[in-house]
Each structure stands twice: as structure tokens, then as C-alpha cells.
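Here the structure comes first, spelled out in C-alpha cells, and everything after it is commentary.
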Amino acid sequence: MASYEQIFDNNRKWVAEMTAKDANFFEKLARDQNPDYLYIGCSDSRVPANEIMGLEPGDVFVHRNVANLVNNTDLNVMSVINYAVKHLSVKHIIVCGHYNCGGVKAAMMPKDMGLLNPWLRTIRDVYRMHYDELDAIKDEHKRYSRLVELNVLEQATNVIKTASVQQCYLQNKYPIVHGWVFDLHTGILIDLNINFEKILKEIQKIYDLTGGMAAPSE
Ligand code: CO
């Protein structure tokens with residue numbers, strides 16, 4: 001029970017600290033949110049979104065699930081993206097994976113994981129899509145790390161497949177979609193430098209959902 005009670009002590013200290021820095025902090029916080037970023041990351045307790053980015057409450061809209069997946073039929077992540085793009089007008093969408101991801105590790109094991117099977121299937125599909133590259137990596141840990149990166153790439157691509165992102169980008173030149181990996185050993189965030197424009201162009205050969213929309217004239 002001690003640690004549970006501790007949380008409320010921590011909270012009171014945090015309120016005091018924030019108020020000492022800015023007397024109107026909570027008044028401003030309650031007014032509205034206007035974040036520039038949507039962060040889609042892993043639920044892993046070691047990867048806290050705001051802390052690793054050094055951002056304050058109000059700065060980033062966050063969605064987390066096991067292995068930072070962006071599934072087309074997941075009403076949760078789809079609603080988060082739609083809301084962040086259409087109502088919050090976020091300028092950047094970040095898909096952030098992390099090395100040593102338990103979800104990715106589980107997907108690499110040839111094993112029935114029960115209820116987790118359909119969730120892990122998405123990661124196994126990423127493995128299949130990049131089989132030749134991954135199979136050529138003999139070191140298992142390096143292969144695992146590369147799958148973490150490729151999973152980020154594919155989930156970022158899934159974000160770009162959505163109608164809200166394609167339509168908003170056509171009209172406003174934002175949001176830009178990014179792929180990052182967090183390294184637990186060093187605390188460093190690595191930008192995979194995915195080529196947003198190139199991926200958008202490529203996927204729109206098949207997934208173009210801007211049909212009939214005109215870009216605004218310059
Ligand atoms: Co993870």
C-alpha cells in the first residue's frame with residue numbers, strides 16, 4: 001500500500017512545484033489544449049512520452065499501445081489520429097518504437113500467444129514484408145532491433161494511409177509523419193529520417209483518399 005499512497009504525495013508535490021514556477025499554470029492548463037504533436041508509442045513503462053521529449057502537459061497528444069501499432073480496424077488509434085488531425089490540427093505525427101520491445105520480441109517467437117495472436121500478427125506481417133532483409137541478419141539481437149525499426153516504418157506508413165492525414169496535408173502541408181526509435185540503454189531518441197513525401201507519393205498509387213480534392217492555389 002505504501003507505494004500506492006506515495007502517488008498522492010507525489011501529486012501534491014508536483015502541484016506545488018508547478019504552481020511555484022507559474023502561479024497560473026493550472027488555470028492555463030484547464031482552458032484548452034493546443035498541442036503541435038501527436039505521439040504514437042509503446043505502452044512500455046520505460047518509455048514515457050512527455051519525459052523523453054522534454055515536453056510539458058499540453059504539448060503532446062499521446063496514444064500508446066503494445067508495440068506502437070497503427071491498425072486500420074483499431075477504432076481507438078484511428079479516432080486518436082482523426083481527432084488530432086481534424087480538431088487539434090497537429091503539425092507532426094510521431095510513431096516512436098523502442099529497442100528491447102517486448103511486443104516485437106514476442107512476435108519473433110514461433111508460439112501461440114492466445115489473445116495476443118491477432119495483435120502480434122501485425123508485427124509478424126511486418127517481418128514477412130521485410131523477410132529478405134531480416135533473414136540476411138544473422139545476429140538475432142540485431143535482427144530484433146531492425147524489426148523494431150521496420151515496424152516503426154510500417155506503422156508510420158499506416159498513419160499516412162489515413163484519409164485525414166492525406167487530406168489535411170494536401171490542404172495545409174501538414175501534418176508531417178515521423179518515425180523514431182528510443183534507445184533504452186542510452187536514453188537517446190533516434191530519428192529514422194523516413195521520407196514522408198516519398199512514402200506519401202508511393203502509397204497514393206494505391207491508397208489515395210484525396211480523390212476529387214484540389215490543393216489550394218498558391
Ligand atoms: Co514495446
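Whatever order the structure lists ligands and atoms in, that order sets their numbers, starting from 1.
Aromatic ring pairs are classed by plane angle as parallel below 30°, tilted from 30° to 60° and perpendicular above 60°; the pair His141 and Tyr144 is perpendicular.
In this model, no donor atom of one side chain and acceptor atom of the other lie less than 3.5 Å apart for Glu154 and Asn151. A side-chain N or O of Lys161 and one of Asn158 form a donor-acceptor pair less than 3.5 Å apart.
Within the protein, the N, O or S atoms sitting under 2.8 Å from the Co ion (ligand 1) are Cys42 SG, His98 NE2, Cys101 SG.
With salt bridges taken as basic N to acidic carboxylate O contacts below 4.0 Å, one links Glu202 and Lys198. Remark: Lys13 does not engage Asp9 in a salt bridge, criterion side-chain N to carboxylate O under 4.0 Å. Salt-bridge formation is not detected for the pair Lys201/Glu197: no Lys NZ or Arg NE/NH1/NH2 atom is positioned less than 4.0 Å from an Asp or Glu carboxylate oxygen.
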